[in-house]
Amino acid sequence: MEKLVIQGGQKLQGTLPVSASKNAALPLMAAAILPHGITYLDHIPELRDITTFSHVIRITGASVERKNHRLQIDATRVGFPESPYDLVKKMRASFYMLGALIGRCGQARVSLPGGCAWGPRPVDLHIEGLKALGAEIDLDEGYVVAKVPRGGLPGGNYRFEPSSVGATVNLLLAASLGRGGSRIENAAIEPDIIVFCEMLKTMGAKLDGVGTRTIEVQGVPELHPIKFSNCPDRIELGTFMIASAIAGTPGKPIRLTHARPDHLGEQFLEAFQNTGSGCIIDDDSVIITPPETIKPVSIKTAIYPGFPTDLQAQWTVLLSCAKGVATVTDQVYGDRFNHIPELARMGLDARVSGNQVLVRGGVQLTGTRVMSTDLRASVSLVLAGMIAKGTTHVGRIYHLDRGYERLESKLNRCGIDIRREQYDEFGAPSQG
Ligand code: UD1
């Protein structure tokens with residue numbers, strides 16, 4: 001297995017480029033199997049999740065080729081409408097194949113994703129929503145088996161409660177190639193959804209109301225293959241903003257390039273500025289000036305444009321540097337706190353109660369061996385390692401590799417002492 005070894009206390013400086021968005025790339029890839037022919041997707045990050053999803057797509061008969069940051073998906077021969085458990089269990093977004101295969105093939109057999117590292121994460125809205133649009137759905141030995149009536153998906157109305165990114169993607173994939181019209185209420189308005197809808201529209205889908213809570217879809221008989229370019233990763237941008245605030249030199253600006261700060265949502269930007277950190281937006285760059293003292297700012301996660309749940313673990317590390325007490329409340333996933341016991345091993349003073357963590361800042365973290373439990377938890381441990389005294393070993397970084405492209409080389413170039421090493425998790429205990 002691999003781990004990251006971080007020598008704490010080095011200052012982050014210079015320019016950090018933000019990679020392309022993982023969460024936007026996945027629905028774009030699913031959309032690429034809707035038309036017959038070759039779709040080219042540019043600005044796709046080189047990440048484990050993209051590799052996993054490429055395998056999922058290949059199972060259907062499509063070919064996926066990756067060169068640098070371009071994907072070439074040839075969906076001419078999609079003919080096997082199935083996504084097996086072994087792949088879906090690795091990455092929940094594989095469940096996008098349900099909507100994509102209903103759209104393309106009129107039938108699908110897709111494994112249920114099961115739980116995730118921080119709780120059950122249901123898919124009931126995906127299934128109920130697709131049924132409301134006219135799909136016939138059964139569960140069979142852990143698989144969702146779907147088919148559409150003769151003549152195509154009739155379409156229908158569905159209101160999400162709560163609003164769901166993934167379920168909105170699935171319904172749009174299926175409805176775009178439906179026979180009739182559909183109306184999706186309380187649809188997700190996350191930037192990833194807007195980019196995905198732009199791609200569908202460019203392929204010829206008839207969508208109205210994109211970016212609002214109500215999307216109307218008029219099904220069309222076919223879509224055409226296109227060239228499309230993905231957007232920058234908003235969660236990586238937020239992570240780097242937090243890294244700059246806590247590990248930079250006070251008063252010395254750090255430039256984050258290739259960014260879309262408008263994709264972060266107002267609440268994150270406001271909370272970030274309230275910490276005392278300088279934040280200037282200059283075209284596609286964000287310039288962060290670390291403050292002398294970080295102010296404790298409590299946050300509550302919420303769907304877009306609320307504070308992203310994918311940035312709360314990193315925010316907890318920022319609060320450890322603040323002077324005072326503040327809370328992190330997760331209203332999207334009430335038990336997403338697996339990183340807290342690991343951060344506590346580094347000296348974090350935090351108490352979890354229900355869906356809230358109370359953090360007492362101002363404690364110097366110290367390096368030790370810690371373990372990644374999920375993607376965002378693992379990057380919070382890397383941030384903690386950067387500001388800790390001594391050496392931090394972050395194990396099981398396959399979680400991190402799902403969503404952060406070349407993280408250690410980017411940080412290395414900006415002055416952080418971080419390296420990747422092999423280790424044997426079940427071998428004899430070693431130093432460090
Ligand atoms: C996406 C993101 C993930 C992020 C999450 C919330 C991707 C690949 N993943 O996940 O990084 O953390 O949005 O911003 O883009 N829900 C149900 N039933 C369902 C579906 C969702 O109750 O069938 C609930 C969830 O438990 C959660 C809320 O709806 O409380 C929002 O989840 P959702 O937007 O669906 O998250 P994902 O699309 O899975």
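Just so you know, these numbers come straight off a predicted model, no measurement behind them.
- Listed by chain and number, the residues in a side-chain hydrogen bond (donor to acceptor under 3.5 Å, both in side chains) with E266 amount to none (sequence neighbours excluded).
- Without hydrogens or angle criteria, R255 side chain to I287 main chain gives no donor-acceptor distance under 3.5 Å.
- Residues A188 and I193 approach most closely at O-CG2, 3.5 Å, considering heavy atoms.
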Would R396 and E425 count as a salt bridge (Lys or Arg N to Asp or Glu O under 4.0 Å) here? Give the steps.
CA-CA 9 Å; R396 299 193 182 179; E425 192 168 274; 2.5 Å; yes
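- Inter-residue side-chain proximity for H263 and C231 is flagged as met; some heavy-atom pair is nearer than 4.5 Å.
- The minimum heavy-atom distance between T327 and S298, with the atom names listed, is N-OG, 2.9 Å.
- With sequence neighbours excluded, the residues satisfying side-chain hydrogen bond (donor to acceptor under 3.5 Å, both in side chains) with Q356 are T329.
- Partners of Y398 under the side-chain hydrogen bond (donor to acceptor under 3.5 Å, both in side chains) rule, at least two apart in sequence or in another chain, do not exist in this structure.
- A salt bridge is absent between R406 and E408; no separation between the charged side-chain nitrogens and carboxylate oxygens falls under 4.0 Å.
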Stepwise, does the side chain to side chain contact (heavy atoms under 4.5 Å, CB included) test hold for L411 with M386?
CA-CA 10 Å; L411 292 176; M386 284 160 61; 4.0 Å; yes
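- The closest donor-acceptor contact from the side chain of D140 to the backbone of V145 lies at 3.5 Å or more, if one exists at all.
- By the ring pair (Phe, Tyr, Trp, His ring centres under 6.0 Å) test, Y304 is found to be paired with no residue, residues two or more places apart in sequence or in another chain being considered.
- Remark: of the listed residues R376, K22, K410, K410 is the sole one forming a salt bridge (charged side-chain N to carboxylate O under 4.0 Å, His left out) with E236.
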Could you please spell out the steps behind the salt bridge (Lys or Arg N to Asp or Glu O under 4.0 Å) verdict for R48 and D401?
CA-CA 6 Å; R48 235 169 54 107; D401 292 337; 6.0 Å; no
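- Looking only at distances, no side-chain donor or acceptor of T392 sits under 3.5 Å from a matching main-chain atom of A388.
- The side-chain heavy atoms of V5 and I418, taken from C-beta on, include no pair separated by under 4.5 Å.
- Partners of F240 according to the ring pair (Phe, Tyr, Trp, His ring centres under 6.0 Å) rule, which considers only residues two or more places apart in sequence or in another chain, do not exist here.
- Here S111 pairs with Y85, V88, Y143 under the side-chain contact (heavy atoms from CB on, under 4.5 Å) rule; sequence neighbours left out.
- The two atoms that bring L41 and I44 nearest to each other are O-CG1, 3.6 Å, heavy atoms only.
- Closest approach of V297 and L319 over heavy atoms only: O-CD2, 3.5 Å.
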